[in-house]
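Each remark here refers to the structure printed beneath this line.
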Amino acid sequence: MNNSRQNIYFASDFHLGTDGRLPSIEREKLIVEWLRSIEDDCEVLFLVGDVFDYWFEYRNTIPKGYTRLFAQFRRMVDHGVEIHFFVGNHDMWVKDYFTVEFGIKVYYEPAVFIFDDQTFYIGHGDGLGPGDLKYKVIKNVLRNPILQWCFGWVHPSIGLPLMRLFSKKSRGGQPEEPITDIKEEWLVQFCEDRLKTDNVDYFIFGHRHLPIDCTLTNDKSRYINLGDWLEFCSYGVWNGHELSLIFYNNDKNHEVYTFT
């Protein structure tokens, strides 16, 4: 990393296209404001899934809107920021638009990165760990390339509203339940199981919509959940020495769910 850009940022679950504590357009403006605030010291930006509440990328058509966000992507990439985009369960039909248009690398599965001699295991988090078999089956069906090819023949004026409807039903509109037992968290169980075979310092996920910082049972590795921007406006930052969860514009006095 060069001296002027030394931080690595992580964010997930913007869910642009649906309203949360703020309307989608106002949340997009806030996200762009945040991205502008970090662009001078950001070396790498990880977008860890569900950036959009629904997305289907036709060969010659993408969902309407998000021009402010896309302009900021272009601005950051042109100024040397490396951006990685992990698809989530709401935007799993991202294809090559972001790679072709912005040079952003897209990931469909979790991936491992090494920074400053620390190992980071990064992914959206959906479909990992025990249980939730129904969703895992649905996920495999929706990722089937034949199904995607067939859906691509549905006119966008029909297909995109259908995606919006499916996304709304998938989300359910209910706030996340508070954590009662961290050991029962399926992503924590996934991390603990992974540590039996792999050396990982930081597991970084989204999907859970709660900002979580959990020290795992080896007393060295940590599970970080990035929270969301529907409610928390939370993100992670690695400064070369430590990883912190931070709230942007924290007018609700949110706090991280911390477990040691």
Side-chain angles (χ1 to χ4, degrees), residues 5-53 65-66 68-69 71-73 75-76 81 83-86 88 90-91 115 120 122-126 171-180 182 185 187-188 202-215 222-260:
R5 298 182 186 275
Q6 57 187 357
N7 291 340
I8 301 171
Y9 288 88
F10 310 83
S12 72
D13 294 274
F14 296 163
H15 284 273
L16 292 174
T18 192
D19 295 338
R21 184 157 60 91
L22 292 174
S24 177
I25 186 63
E26 295 303 320
R27 192 163 67 256
E28 181 185 359
K29 292 177 182 178
L30 185 67
I31 290 165
V32 170
E33 178 184 290
W34 167 65
L35 290 172
R36 287 279 182 94
S37 76
I38 68 171
E39 64 183 12
D40 288 340
D41 67 13
C42 178
E43 177 77 9
V44 185
L45 171 64
F46 286 93
L47 300 172
V48 192
D50 286 358
V51 169
F52 307 99
D53 197 63
Y66 318 120
R68 294 172 181 82
L69 181 67
Q72 183 62 23
F73 285 168
R75 175 187 170 105
M76 294 179 79
V81 178
I83 302 180
H84 301 265
F85 187 115
F86 286 78
H90 281 259
D91 48 21
F115 297 111
F120 294 76
I122 304 170
H124 184 58
D126 59 311
R171 188 174 58 256
Q174 299 298 320
E176 291 296 318
E177 296 180 0
I179 299 170
T180 57
I182 192 64
E185 289 281 309
L187 282 172
V188 171
Y202 295 94
F203 293 90
I204 299 180
F205 298 116
H207 189 57
R208 187 66 173 87
H209 287 232
L210 293 173
I212 301 170
D213 185 346
C214 174
T215 301
R222 287 162 61 190
Y223 154 56
I224 303 292
N225 198 289
L226 298 168
D228 69 8
W229 285 69
L230 288 166
E231 173 62 30
F232 293 102
C233 301
S234 50
Y235 64 95
V237 56
W238 169 257
N239 65 5
H241 305 285
E242 62 179 343
L243 195 150
S244 303
L245 271 177
I246 301 172
F247 300 95
Y248 185 71
N249 194 24
N250 190 14
D251 57 343
K252 297 293 184 181
N253 295 317
H254 291 305
E255 295 182 357
V256 175
Y257 291 82
T258 303
F259 301 90
T260 57

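Just the heavy atoms: all of them, side chains too, but no hydrogens, waters or symmetry mates, feed the values below.
- With values rounded to the nearest 0.5 angstrom, S12 atom OG is found 10.5 Å from I204 atom CD1.
- At least one side-chain heavy atom of F247 sits under 4.5 Å from a side-chain heavy atom of P211.
- With a 4.5 Å cut-off on side-chain heavy atoms, L47 and H84 do not count as touching.
- Heavy-atom neighbours of E33 CD from other residues, nucleotides or ligands within 6.0 Å: above the threshold of 12.
- Side-chain contact between Y223 and I212: present, with at least one pair of heavy atoms (C-beta onward) separated by less than 4.5 Å.
- Proximity of F85 to D91: side-chain heavy atoms (C-beta onward) are separated by under 4.5 Å at one or more points.
- Across all non-hydrogen atoms, the minimal contact from W229 to S234 is NE1-O, 3.0 Å.
- Put simply, the side chain of S24 gets close to the backbone of G17: a donor and an acceptor are under 3.5 Å apart.
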For the pair N7 and C42, evaluate side chain to side chain contact (heavy atoms under 4.5 Å, CB included) and give the outcome as yes or no after the intermediate values.
CA-CA 5 Å; N7 291 340; C42 178; 5.8 Å; no
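- L30 is listed as a side-chain neighbour of N249, based on a closest heavy-atom distance under 4.5 Å.
- The ring of F10 has its center closer than 6.0 angstrom to the ring center of F46.
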Begin with the C-alpha distance, continue with both residues' side-chain angles, and end with the deciding distance and a verdict on side chain to side chain contact (heavy atoms under 4.5 Å, CB included) for R68 and Q72.
CA-CA 6 Å; R68 294 172 181 82; Q72 183 62 23; over 6 Å; no
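- Considering all non-hydrogen atoms of both residues, C214 and V188 come closest at SG-CG2, 4.4 Å.
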Might you work through the side chain to side chain donor-acceptor pair (under 3.5 Å) test for D13 and H15, ending with a clear yes or no?
CA-CA 5 Å; D13 294 274; H15 284 273; 3.2 Å; yes
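- When every heavy atom of D41 is checked against every heavy atom of I38, the shortest pair comes out as OD1-O, 3.0 Å.
- The pair K29-E26 meets the salt-bridge criterion, with a side-chain N (NZ, NE, NH1 or NH2) lying under 4.0 Å from an Asp/Glu carboxylate O.
- Contact annotation: the side chain of L230 approaches that of T18 to within less than 4.5 Å [non-hydrogen atoms, C-beta and beyond].
- The two atoms that bring V51 and F14 nearest to each other are O-CB, 3.3 Å, heavy atoms only.
- When V237, T258, L226 are each tested for a side-chain contact (heavy atoms from CB on, under 4.5 Å) with L245, only one passes: L226.
- Between A11 and Y235, the closest heavy-atom pair is CB-CB, 4.3 Å.
- The salt bridge (Lys or Arg N to Asp or Glu O under 4.0 Å) analysis of residues 230-252, with sequence neighbours excluded, yields the pairs R21-E231, R21-D251.
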Verify side chain to side chain contact (heavy atoms under 4.5 Å, CB included) between D213 and R222, making sure each step is shown before the conclusion.
CA-CA 7 Å; D213 185 346; R222 287 162 61 190; 2.7 Å; yes
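- A ring-ring contact (aromatic ring centres under 6.0 Å, His included) with W238 is found for exactly one of F115, Y202, Y9, namely Y202.
- With sequence neighbours left out, the side-chain hydrogen bond (donor to acceptor under 3.5 Å, both in side chains) criterion links R27 to no other residue.
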The test is side chain to side chain contact (heavy atoms under 4.5 Å, CB included); show your working for N239 and Q6 and say whether it passes.
CA-CA 7 Å; N239 65 5; Q6 57 187 357; over 6 Å; no
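- L45 and L35 make their closest contact through CD2-CD2, 3.8 Å (heavy atoms, listed as atom of the first residue, atom of the second, distance).
- Checked against a 6.0 Å centroid threshold, the rings of H124 and F86 do not count as neighbours.
- You'll find the side chain of I224 stays beyond 4.5 Å of the side chain of F120, heavy atoms only.
- Counting heavy atoms from C-beta on, the side chains of L210 and I179 come closer than 4.5 Å.
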Starting from the C-alpha separation in whole Å, work towards a yes-or-no answer on side chain to side chain donor-acceptor pair (under 3.5 Å) for H207 and D50.
CA-CA 8 Å; H207 189 57; D50 286 358; 4.7 Å; no
